[in-house]
Asks: 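My questions will all concern the structure given below.
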Amino acid sequence: MEGEKRENQNQAAEEEDQIVNPWEVAAKDGGKIDYDKLIDKFGCQRLDQTLIDRVHRLTGRPPHVFLRRGVFFAHRDFNEILDAYEKGKKFYLYTGRGPSSEALHIGHLVPFMFTKYLQDVFRVPLVIQLTDDEKCMWKNLTVEESQRLARENAKDIIACGFDITRTFIFSDFDYVGGAFYKNMVKVAKCVTLNKVQGIFGFSGEDHIGKISFPPVQAVPSFPSSFPHLFSGKDDLRCLIPCAIDQDPYFRMTRDAAPRIGYHKPSLIESTFFPALQGETGKMSASDPNSAIYVTDSAKVIKSKINKYAFSGGQDSVEKHRQLGANLEVDISVKYLNFFLEDDVELEHIKTEYAAGRMLTGEVKGRLGSVLSEIVERHRAARASVTDEVVDAFMAVRPLPNMFD
């Protein structure tokens, strides 16, 4: 089975070229994450052009920029979701957020922007899990603070534009129980202590709350966990858009699913969003200069990019004109790859910058404009998300337009 084949993934750091799990992402000696190695190690598949073309054909809509540019680059059984959809069988989406900070940075928006696209083009329901219990255990937050942050983060998620008639947002502290808890117990009985230690790297020093948490994130993959939405639809498939560091949870889930009578969830997985200081840097809540936050003003965004965005340009104009920029390490180019919609403009920037005809300041200036527009649009949308709107998204209710 998938988990058993790979349950020793979290060996000692000195034996690993890179460590990727839900709580730690690090490459040896401060290097870059090797995504090909990660695909091989986790046992997922590369998302190829054939699947991207198929999404285009089935939806009649252009593939999202995150698909076109390889931001979402790996999958598990995404082809089976498309096979079922082509036969007229719908599915539902499941994604989530661990609410550990007051404000989101733009990297946090990536899975939600992509999930909104999937909801729009496939016209399917979505459940969004806020793992306030997880962050209470891992971040040493109080229960009350975790719950407060969950509601604050929910406002940012709702501001991404999700359809309230197709979207249910829930926090674990509020929702876990009933059918959801029954599925948690079923999953827990399938996973030995040895297996959970192998998958997640838990040690004897970890409290039992951590060891007991994985089933909580597993069971939104099963439609019967939401009887108010999917009663009588136990055959419904689930697609999970997420960053690839969440894969260990769902390897475990996919091992358990057929043993308790459910389809294995499918996944579509993204690369990591780099820190301003470079791909070897780590975005940290304790270092506000490592990321652009959705609360940053245009002035702050421009300042952060100019001061902290790692440049692949040369150290003098003369040398830059001669040698050009190294696009492989330039953070402004990498951010534009995520957020500049225009493919033609992006290629022009890359070509001119690599040839030395465009300077670092010009590229950073363009990035500042792109990110300021995104953040300002997000901030305006969030301002209209009241506590009453949050309550409406989190209300346990049927979704009237679920599959319309």
Asks: If the plane angle is over 60° it's perpendicular, under 30° parallel, otherwise tilted; pick one for F66 and F114.
Replies: tilted
Asks: Which atom pair, heavy atoms only, marks the closest approach of T271 to G70?
Replies: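 Smallest heavy-atom distance, with atoms named: CG2-O, 4.0 Å.
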Asks: Going by the angle between their ring planes, with limits at 30° and 60°, are F230 and F226 parallel, tilted or perpendicular?
Replies: perpendicular
Asks: Can you check salt bridge (charged side-chain N to carboxylate O under 4.0 Å, His left out) on R148 and E102, steps first, answer last?
Replies: CA-CA 9 Å; R148 187 187 71 80; E102 191 85 35; 2.7 Å; yes
Asks: Within the structure provided, determine whether H105 and V294 are in side-chain contact (heavy-atom separation under 4.5 Å).
Replies: no
Asks: Would you say E352's side chain and E347's backbone share a donor-acceptor pair under 3.5 angstrom?
Replies: no
Asks: Can any side-chain N or O of Y353 pair as donor or acceptor with the backbone N or O of H348 at less than 3.5 Å?
Replies: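 Side chain of Y353 to backbone of H348: no pair is present.
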Asks: If we ignore hydrogens and angles and just use 3.5 Å, is the side chain of H263 paired with the main-chain N or O of D235 as donor and acceptor?
Replies: yes
Asks: Should T167 and Q119 be marked as a side chain to side chain donor-acceptor pair (under 3.5 Å) after you check the CA-CA gap, both sets of side-chain angles, and the distance that decides it?
Replies: CA-CA 9 Å; T167 305; Q119 183 183 57; 2.9 Å; yes
Asks: Take V300 and Y293 through the test side chain to side chain contact (heavy atoms under 4.5 Å, CB included) and record every step on the way to the result.
Replies: CA-CA 10 Å; V300 169; Y293 286 84; over 6 Å; no
Asks: Set out, in order, the CA-CA distance, both residues' side-chain angles and the distance that settles side chain to side chain contact (heavy atoms under 4.5 Å, CB included) for E134 and K210, then state yes or no.
Replies: CA-CA 8 Å; E134 177 202 19; K210 292 183 178 182; over 6 Å; no
Asks: Evaluate the side-chain proximity of Y35 to V20: yes if any heavy-atom separation is below 4.5 Å, no if none is.
Replies: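 With C-beta onward as the side chain, the pair stays apart.
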Asks: Taking atom CD of Q49 as the centre, report whether more than 12 heavy atoms of other residues, nucleotides or ligands fall under 6.0 Å from it.
Replies: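 Atom CD in Q49 is crowded, with more than 12 foreign heavy atoms closer than 6.0 Å.
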Asks: Checking T131 against Q129 for the side chain to side chain donor-acceptor pair (under 3.5 Å) test, could you report, in this order, the C-alpha distance in whole Å, the side-chain angles of both residues, the deciding distance, and whether it holds?
Replies: CA-CA 6 Å; T131 56; Q129 180 181 43; 5.9 Å; no
Asks: Is the shortest side-chain heavy-atom distance between E362 and R357 below 4.5 Å?
Replies: no
Asks: Which residues pass the salt bridge (charged side-chain N to carboxylate O under 4.0 Å, His left out) test with D36, not counting sequence neighbours?
Replies: R46
Asks: Please find the pair of heavy atoms, one from P111 and one from G107, that lie closest to each other, and give the distance.
Replies: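 Closest approach of P111 to G107, heavy atoms only: CD-O, 3.7 Å.
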Asks: With distance as the sole test, does E86 use its side chain to make a donor-acceptor pair with the main-chain N or O of L58 at under 3.5 Å?
Replies: no
Asks: Set out, in order, the CA-CA distance, both residues' side-chain angles and the distance that settles side chain to side chain contact (heavy atoms under 4.5 Å, CB included) for V375 and R379, then state yes or no.
Replies: CA-CA 6 Å; V375 168; R379 189 159 45 235; 3.6 Å; yes
Asks: What residue among T192, L193, I199 forms side-chain contact (heavy atoms from CB on, under 4.5 Å) with V196?
Replies: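 In the set T192, L193, I199, the residue that makes a side-chain contact (heavy atoms from CB on, under 4.5 Å) with V196 is L193.
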Asks: For T59, what residues pass the side chain to side chain donor-acceptor pair (under 3.5 Å) criterion, not counting sequence neighbours?
Replies: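 Partners of T59 under the side chain to side chain donor-acceptor pair (under 3.5 Å) test: none.
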Asks: Please check if the side chain of D34 supplies one atom and the backbone of K37 the other of a donor-acceptor pair under 3.5 Å.
Replies: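 Here the side-chain-to-backbone pair exists.
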Asks: Does any N or O in the side chain of R397 come within less than 3.5 Å of the main-chain N or O of F393, such that one atom is a donor and the other an acceptor?
Replies: yes
Asks: Side chain of S146, backbone of T142: donor and acceptor closer than 3.5 Å?
Replies: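 Side chain of S146 to backbone of T142, a donor-acceptor pair under 3.5 Å: yes, one is there.
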Asks: Step by step, work out the salt bridge (charged side-chain N to carboxylate O under 4.0 Å, His left out) result for E80 and K264.
Replies: CA-CA 10 Å; E80 293 188 9; K264 294 181 179 183; over 6 Å; no
Asks: To the nearest 0.5 angstrom, please state how far the CD atom of E269 sits from the CG atom of L267.
Replies: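 Result: 5.0 Å between the selected atoms.
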Asks: What residue pairs, at least two apart or across chains, pass ring pair (Phe, Tyr, Trp, His ring centres under 6.0 Å) with a residue in residues 139-169?
Replies: F168-F170, F168-Y175, F168-H228
Asks: To check you understand the geometry: which heavy-atom pair defines the closest contact between P258 and R254, and what is its length?
Replies: CD-O, 3.2 Å
Asks: Any chance you could lay out the side chain to side chain donor-acceptor pair (under 3.5 Å) test for N306 and S303, step after step, and finish with the verdict?
Replies: CA-CA 5 Å; N306 286 337; S303 176; over 6 Å; no
Asks: Just do the side chain to side chain contact (heavy atoms under 4.5 Å, CB included) check on L367 and I331 with the steps written out, would you?
Replies: CA-CA 10 Å; L367 175 63; I331 285 298; 5.7 Å; no
Asks: Using atom types as modelled and distance alone, determine if a side-chain donor or acceptor of K304 lies under 3.5 Å from a backbone N or O of P288.
Replies: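 Between the backbone of P288 and the side chain of K304 there is a qualifying donor-acceptor contact (under 3.5 Å).
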Asks: For the pair D120 (side chain) and Y117 (backbone), establish whether a donor and an acceptor sit closer than 3.5 Å, ignoring hydrogens and angles.
Replies: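 Checked: no pair found.
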Asks: Between V25 and I33, is there a side-chain heavy-atom distance shorter than 4.5 Å?
Replies: yes
Asks: Give the minimum heavy-atom separation between D245 and P248, together with the two atoms involved.
Replies: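 That would be O-CD, 3.2 Å.
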Asks: Could you go through R69 and D343, starting from their C-alpha distance and side-chain angles, then the distance that decides it, and tell me whether this counts as salt bridge (charged side-chain N to carboxylate O under 4.0 Å, His left out)?
Replies: CA-CA 9 Å; R69 298 183 188 157; D343 291 337; 2.5 Å; yes
Asks: Table please: side-chain donor-acceptor pairs of residues 177-186 below 3.5 Å, with sequence neighbours left out.
Replies:
from, atom 1, to, atom 2, distance (Å)
N183, OD1, Y262, OH, 3.1
N183, ND2, S224, OG, 2.9
N183, ND2, S225, OG, 2.9

Asks: Check R151 against D387 and note the closest heavy-atom contact, atom names and distance.
Replies: NH2-O, 3.4 Å
Asks: Strictly under 6.0 Å, is that where the ring centroids of F273 and F339 end up?
Replies: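 F273 vs F339: aromatic centres under 6.0 Å.
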Asks: Do V191 and P215 come close enough that some side-chain heavy atom pair is under 4.5 Å?
Replies: no
Asks: Using a strict cut-off of less than 4.0 Å between a Lys/Arg side-chain nitrogen and an Asp/Glu carboxylate oxygen, indicate whether E152 and R382 qualify as a salt bridge.
Replies: yes
Asks: Specify whether Y249 and F213 have parallel, tilted or perpendicular ring planes, treating 30° as the upper limit for parallel and 60° as the lower limit for perpendicular.
Replies: perpendicular
Asks: Under 4.5 Å between any side-chain heavy atoms of R237 and K89, yes or no?
Replies: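 R237 does not reach K89 side chain to side chain.
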Asks: May I ask you to test the K302-K364 pair for a side-chain heavy-atom distance under 4.5 Å?
Replies: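 Answer no - side chains too far apart.
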Asks: Compare every heavy atom of A150 with every heavy atom of L130, then report the nearest pair and how far apart it is.
Replies: CD1-O, 3.5 Å
Asks: Could you check T253 against S221 for side chain to side chain donor-acceptor pair (under 3.5 Å), going step by step and ending with a plain yes or no?
Replies: CA-CA 8 Å; T253 307; S221 308; 4.8 Å; no
Asks: Less than 4.5 Å apart, side chain to side chain, heavy atoms only: is that true for I128 and L126?
Replies: yes
Asks: Only counting residues at least two apart or in another chain, list the ones meeting side chain to side chain donor-acceptor pair (under 3.5 Å) with H320.
Replies: none
Asks: Residues two or more places apart in sequence or in another chain: which of them pass side chain to side chain donor-acceptor pair (under 3.5 Å) with S372?
Replies: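 S372: no side chain to side chain donor-acceptor pair (under 3.5 Å) contacts found.
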Asks: Evaluate D247 against R251 for salt bridge (charged side-chain N to carboxylate O under 4.0 Å, His left out), listing each step before the verdict.
Replies: CA-CA 6 Å; D247 190 87; R251 289 205 307 280; 2.8 Å; yes
Asks: Without swapping roles, check the side chain of D132 against the backbone of L149 for a donor-acceptor pair under 3.5 Å.
Replies: no
